[in-house]
Amino acid sequence: MFSTPFLDIPALSGAAGTVRLPGSKSISNRVLLLAALASGTTTVHDLLDSDDTRVMLDALAALGCSIERSDDGTLRIEGLGGRLRTPRASLFLGNAGTAMRPLTAALALLGGEFELRGVPRMHERPIGDLVDALTQLGCRVDYLGNPGYPPLQIHPVALDSLQLDTPIRVRGDVSSQFLTALLLALPLAARAPAPTLPASRGSLPPEGAVPPWGGPAAGRDIVIDVVGELISKPYIEITLNLLARFGITVQREGWQRFTIPAGSQYRSPGDIHVEADASSASYFIALGAIAEGSGIRIEGVGADSIQGDIRFIDAARQMGAAVDSGPNWLAVSRAAWPLKAIDIDANHIPDAAMTLAVMALYADGPSTLRNIASWRVKETDRIDAMANELRKLGATVEDGPDFIRIHPLPATGWRAASIKTYDDHRVAMCFSLAAFNPDGVAVRILEPHCVAKTFPDYFETLFSVAHAPEVPVICIDGPTASGKGTLTVEVARRLGYHYLDSGTLYRVTGLVMRRAGLDAGPAHETRIADLARALPLVFSEGKVLLEGEDVSEDLRTEAAGMDASRVSALPAVRVALLALQRSFRRLPGLVADGRDMGTVIFPDAELKVYLTASAAHRAERRYKQLISKGISTTIDSLRADLEARDLRDSSRSVAPLKPAPDARLLDNSHQTIEQSVVQVLAWWQEVQPFESS
Ligand SMILES: Nc1ncnc2c1ncn2[C@@H]1O[C@H](COP(=O)(O)OP(=O)(O)OP(=O)(O)O)[C@@H](O)[C@H]1O
Ligand SMILES: Nc1ccn([C@H]2C[C@H](O)[C@@H](COP(=O)(O)O)O2)c(=O)n1
């Protein structure tokens, strides 16, 4: 995951390959709650590992549910079987609506004293309609902040005191999650009567009590009536489908009335597999439709998915995507170009429809997404967010209470924009698709880590299949001990870029040469070059592994540096290492440290820095570095060595150490490491097209 303050996506041109997507958030959190409420052990495969599932898991663990994770990522959940092990808890649910709403309903019925909180945005997301429905029933839920919104305090009630004889009325036109919450939780009240325990309304149940601890009132049909037009119906279908997997068959009359039959009991299905997330698939379906190339194969979800957002493929086809599907896979490629404008009611695919808003930029006319009022109460006001950020790209956008209309962006009209993401994973993910613009402008995604909510490795997955005509490179060249390595690592970390320490490649070549009993004279040049071309080298967690052996320490000695300097003067060795060095240039970008990064390896780099410091400062730094590692030496001998190395490196016939003509010179003799980092980042911003915000 990128935890940088921003991520710059260079202009992308094409894409091809296969992606495997993480599990569905909607299915994952429903399965977790059902497994916790059920009797028996449920083994959950392919569960989404993200912020929203983590808060649900933490909450269930706090409620006394036993959860074991095995090495392959499967979870074994020991169901509570309606037995409340922890009757009092304070739960933090982040910004996960799929945790806050169903847990509110389940805990209001399970009996106990619970506080439910979230991040500030969660406290702005309505829950009043669900609380009203629960209150009608006789549950006791208080608002701890603004009425109608979390945080909430839930008090215990006895199930036999609940008003279950008349249908429970819940609004369906604000969020379908209110109905989902009731459907998931109310089987608790429909089960057959349990042994009677003393009822006492308003007091905590005895430890380990089985609801209804109040006794005989259970064991009846429970009817829910939806008030108003139910939105996002496909999400209710997921809920009904999963309830059926857990032994509860809900009867449905249209989308207005739902009946949970008397005696319903949650029963674990044993094993359950979570499909890949269809909403997450929308970005890769769009990618296949937009990008030139042989197409994208998506594994983990197919057209027969139980998730409503899979219907995104219909909209994508309408816009011109060629979509093929089989059991648990989709294959998408570009068919019509430009894409065709659409005008659709997107109520059934509210989350995935955000992706259509970015696809619309590549269409042949204005596209309208209607009936999307629910966007306004999601992670952020998504209609406002999408309109604002699309406009930053240069688009003309019209929006209203429940619609958005996007006019396509003609070539020459695209602007390099810093996209604000509003802590909304979907904003971050769908705007990455703007990088395919015909004007070749880069896109900056602010706070890219917000994708952790549902797809922590989204950008890595995108970069594994996308092609860029020019992957950005920053070159940092200079003499030994000037601080190149330290500076390069830090700049790469702050930009989320890859890192190349080219000196290590020469150091390893020197080591391999020694082990082969060779020396760096011209007689052995060809053999050393052959060894260099086939280095059995792996970089892993900051270590250098040579045929599996950790040689990191051996490479950092002054002798290894000298050997590297000698082999690096052999022209055939330099040619042998060329392709390997260039292969480090991968999305989203590279920071490369060496002697000839800017002059030979990446002559087209956007930023070249030539880093120097006086010999006295460099010798002193190296001295401190070695002493701190327990290696005894003297400043004078180190200074003599580094000056000898500088001379050899800068006077050799091929790729000598020297500043590229277009390099910026940085003498850091009197700078701290941080000052050098800040300087290079400032130069980098200067060559970027984005505004500084
Ligand atoms: N600006 C700085 N001020 C003080 N010390 C620094 C500065 N930059 C780097 N150093 C220190 O100098 C030492 C050498 O730095 P580093 O290993 O990054 O140099 P290098 O140029 O990559 O060397 P080499 O080319 O030999 O690999 C390290 O201990 C590092 O912490
Ligand atoms: N791009 C490069 C990188 C390194 N070398 C040579 C010259 C150096 O003395 C030696 C070791 O490099 P270091 O690890 O100290 O950066 O390798 C080179 O010629 N070209």
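Whatever order the structure lists ligands and atoms in, that order sets their numbers, starting from 1.
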Asker: Show which atoms of ligand 2 fall inside a sub-4.0 Å distance from at least one heavy-atom site of Met597.
Answerer: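 Answer for ligand 2: 1 (N).
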Asker: Asp596 heavy atoms, cut-off 4.0 Å: which ligand 2 atoms fall inside?
Answerer: 1 (N), 2 (C), 20 (N)
Asker: Do you know which two heavy atoms are closest between His524 and Asp519, and how far apart they sit?
Answerer: ND1-N, 3.1 Å
Asker: To check your reading of the model: name the closest protein heavy atom to atom 3 (N) of ligand 1, its residue, and the distance in Å.
Answerer: Gln671 O, 3.2 Å
Asker: At what distance is the nearest protein heavy atom to atom 17 (O) of ligand 2, and which residue and atom is it?
Answerer: Tyr506 CB, 3.5 Å
Asker: Within less than 4.0 angstrom of ligand 2, does Met562 place any heavy atom?
Answerer: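 False for this residue.
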Asker: By the definition side chain to side chain donor-acceptor pair (under 3.5 Å), identify the one residue from Asp424, Asp51, Asp423, Asp52 that meets it with Lys453.
Answerer: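 Going through the options one by one, the only one that passes is Asp52.
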Asker: Of the side chain and backbone of Asp649, name the one, both, or neither that has a heavy atom under 4.0 Å from an atom of ligand 2.
Answerer: side chain
Asker: Using the six-membered ring wherever Trp is involved, compare the ring planes of Phe2 and Phe463 and label them parallel, tilted or perpendicular (cut-offs 30° and 60°).
Answerer: perpendicular
Asker: Quick test: of every protein heavy atom, which one is nearest to atom 9 (C) of ligand 1, and how far off is it to 0.1 Å?
Answerer: Gly483 CA, 3.5 Å
Asker: Assess Arg444 against Phe6: is NZ or CZ under 6.0 Å from the centre of the six-membered ring, and within 45 degrees of the ring's axis?
Answerer: yes
Asker: Which residue owns the protein heavy atom closest to atom 25 (O) of ligand 1, what's the atom, and how far is it?
Answerer: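 Checking every protein heavy atom, the shortest distance to atom 25 (O) of ligand 1 gives Lys484 NZ, 2.6 Å.
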Asker: Quick check: do Met359 and Ile290 have side-chain heavy atoms less than 4.5 Å from each other?
Answerer: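 They are in contact (side-chain heavy atoms under 4.5 Å apart), so the answer is yes.
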Asker: Could you tell me if any non-hydrogen atom of Ala481 lies under 4.0 Å from any atom of ligand 1?
Answerer: yes
Asker: How far is atom 22 (O) of ligand 1 from the closest protein heavy atom, and which atom is that?
Answerer: Gly485 N, 2.8 Å
Asker: Does the pair Arg618/Asp646 count as a salt bridge with the N-to-O cut at 4.0 Å?
Answerer: yes
Asker: Return the closest protein heavy atom for atom 8 (N) of ligand 1 as residue, atom name and distance.
Answerer: Ile673 CG1, 3.5 Å
Asker: If you measure from each non-hydrogen atom of Ser482 to ligand 1, which part falls under 4.0 Å: side chain, backbone, both or neither?
Answerer: both
Asker: Below 3.5 angstrom, do we get any N/O pair linking Ser502 and ligand 2?
Answerer: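 So ligand 2 has an N or O lying under 3.5 Å from an N or O of Ser502.
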Asker: Relative to ligand 2, is Arg652 under 4.0 angstrom through side chain, backbone, both or neither, heavy atoms considered?
Answerer: side chain
Asker: To check your reading of the model: name the closest protein heavy atom to atom 10 (C) of ligand 2, its residue, and the distance in Å.
Answerer: Ala564 CB, 3.5 Å
Asker: How would you list, by chain and number, every residue that makes a salt bridge (charged side-chain N to carboxylate O under 4.0 Å, His left out) with Glu620, sequence neighbours excluded?
Answerer: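 Lys624.
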Asker: Looking at ligand 2, does Arg648 have a heavy atom less than 4.0 Å from it?
Answerer: no
Asker: Identify the protein heavy atom lying closest to atom 15 (O) of ligand 2, giving its residue, its atom name and the separation to 0.1 Å.
Answerer: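 The answer is Arg507 NH2, 2.8 Å.
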Asker: Please write down residue, atom name and distance for the protein heavy atom closest to atom 28 (C) of ligand 1.
Answerer: Gln625 NE2, 3.5 Å
Asker: Which residue in the set Leu555, Asp563, Leu577 passes side-chain contact (heavy atoms from CB on, under 4.5 Å) when paired with Tyr506?
Answerer: Leu577
Asker: Any heavy atom of His670 sitting closer than 4.0 Å to ligand 1?
Answerer: no
Asker: What is the closest protein heavy atom to atom 2 (C) of ligand 2, and at what distance does it sit?
Answerer: Arg595 N, 3.4 Å
Asker: Using heavy-atom distances only, which candidate in Leu487, Thr486, Val489 approaches atom 18 (O) of ligand 1 most closely?
Answerer: Thr486
Asker: In the protein, which heavy atom is nearest to atom 27 (O) of ligand 1, and how far is it?
Answerer: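 The protein heavy atom lying closest is Arg556 NH2, 3.0 Å.
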Asker: If we set the cut-off at 4.0 Å for heavy atoms, which region of Arg595 has an atom near ligand 1: side chain, backbone, both, or neither?
Answerer: side chain
Asker: I need the atoms of ligand 1 closer than 4.0 Å to a non-hydrogen atom of Arg622, numbered in the order shown.
Answerer: 14 (C), 17 (O), 19 (O), 23 (O), 24 (P), 26 (O)
Asker: Are Phe431 and Tyr283 close enough that their ring centers fall under 6.0 Å?
Answerer: no
Asker: Examine the side chains of Tyr422 and Glu389 and answer whether a donor and an acceptor come within less than 3.5 Å of each other.
Answerer: yes
Asker: Under the side-chain contact (heavy atoms from CB on, under 4.5 Å) test against Val544, which residue among Leu511, Leu505, Leu537, Asp501 passes?
Answerer: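 So the option named by the test is Leu537.
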Asker: Hey, looking at atom 12 (O) of ligand 2, which of Ala644, Gly485, Gly503 has the closest heavy atom?
Answerer: Gly503
Asker: Report the part of Arg618 in contact with ligand 1, treating N, CA, C, O as backbone and CB onward as side chain, heavy atoms under 4.0 Å; options are side chain, backbone, both, neither.
Answerer: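 None of Arg618 does.
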Asker: Apply salt bridge (charged side-chain N to carboxylate O under 4.0 Å, His left out) to Arg652 and list each qualifying residue two or more places apart in sequence or on a separate chain.
Answerer: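 Counting only residues at least two positions away or on another chain, Arg652 forms a salt bridge (charged side-chain N to carboxylate O under 4.0 Å, His left out) with Asp649.
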Asker: Mind checking whether Tyr362 and Trp414 have ring centres under 6.0 Å apart?
Answerer: yes
Asker: What part of Arg507 sits under 4.0 Å from ligand 1 if we count only heavy atoms: the side chain, the backbone, both or neither?
Answerer: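 Contact part for Arg507 vs ligand 1: side chain (C-beta onward).
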Asker: Looking only at heavy atoms, is any part of Gln675 under 4.0 Å from ligand 1, and if so is it the side chain, the backbone, or both, or is it neither?
Answerer: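 Gln675 to ligand 1: no contact under 4.0 Å from either part.
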Asker: Which bit of Arg645 is near ligand 2, meaning a heavy atom under 4.0 Å away: side chain, backbone, both or neither?
Answerer: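 It is the side chain that touches ligand 2; the backbone stays farther off.
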Asker: Answer yes or no: is there an ion pair linking Glu470 with Arg585, defined by an N-O contact shorter than 4.0 Å?
Answerer: no
Asker: Please classify the Leu611 to ligand 1 contact at 4.0 Å (heavy-atom distances, strictly less than): side chain, backbone, both or neither.
Answerer: neither
Asker: Show your reasoning for whether side-chain contact (heavy atoms from CB on, under 4.5 Å) applies to His498 and Phe584.
Answerer: CA-CA 7 Å; His498 299 282; Phe584 280 76; 5.9 Å; no
Asker: If the cut-off is 4.0 Å to any non-hydrogen atom of Thr672, which atoms of ligand 1 fall inside it?
Answerer: 1 (N)
Asker: Return the residue, atom name and 0.1 Å-rounded distance of the protein heavy atom closest to atom 20 (N) of ligand 2.
Answerer: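 Result for atom 20 (N) of ligand 2: Arg574 NH2, 3.0 Å.
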Asker: Can you check whether Pro656's main-chain N or O pairs, donor with acceptor, with Ser650's side chain at less than 3.5 Å?
Answerer: no
Asker: Please report the closest heavy-atom contact between Arg515 and Leu546, naming both atoms and the distance.
Answerer: NH1-CD2, 3.9 Å
Asker: Show your working on side-chain contact (heavy atoms from CB on, under 4.5 Å) between Asn95 and Glu379 and close with a plain yes or no.
Answerer: CA-CA 7 Å; Asn95 197 7; Glu379 279 79 345; 3.7 Å; yes
Asker: Quick one: do Arg297 and Glu299 satisfy salt bridge (Lys or Arg N to Asp or Glu O under 4.0 Å)? Show the steps, please.
Answerer: CA-CA 7 Å; Arg297 186 180 163 93; Glu299 293 191 340; 3.1 Å; yes
Asker: Closest non-hydrogen protein atom to atom 10 (N) of ligand 1, residue and atom name please, with distance?
Answerer: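 Here the nearest protein heavy atom works out to Arg621 CD, 3.9 Å.
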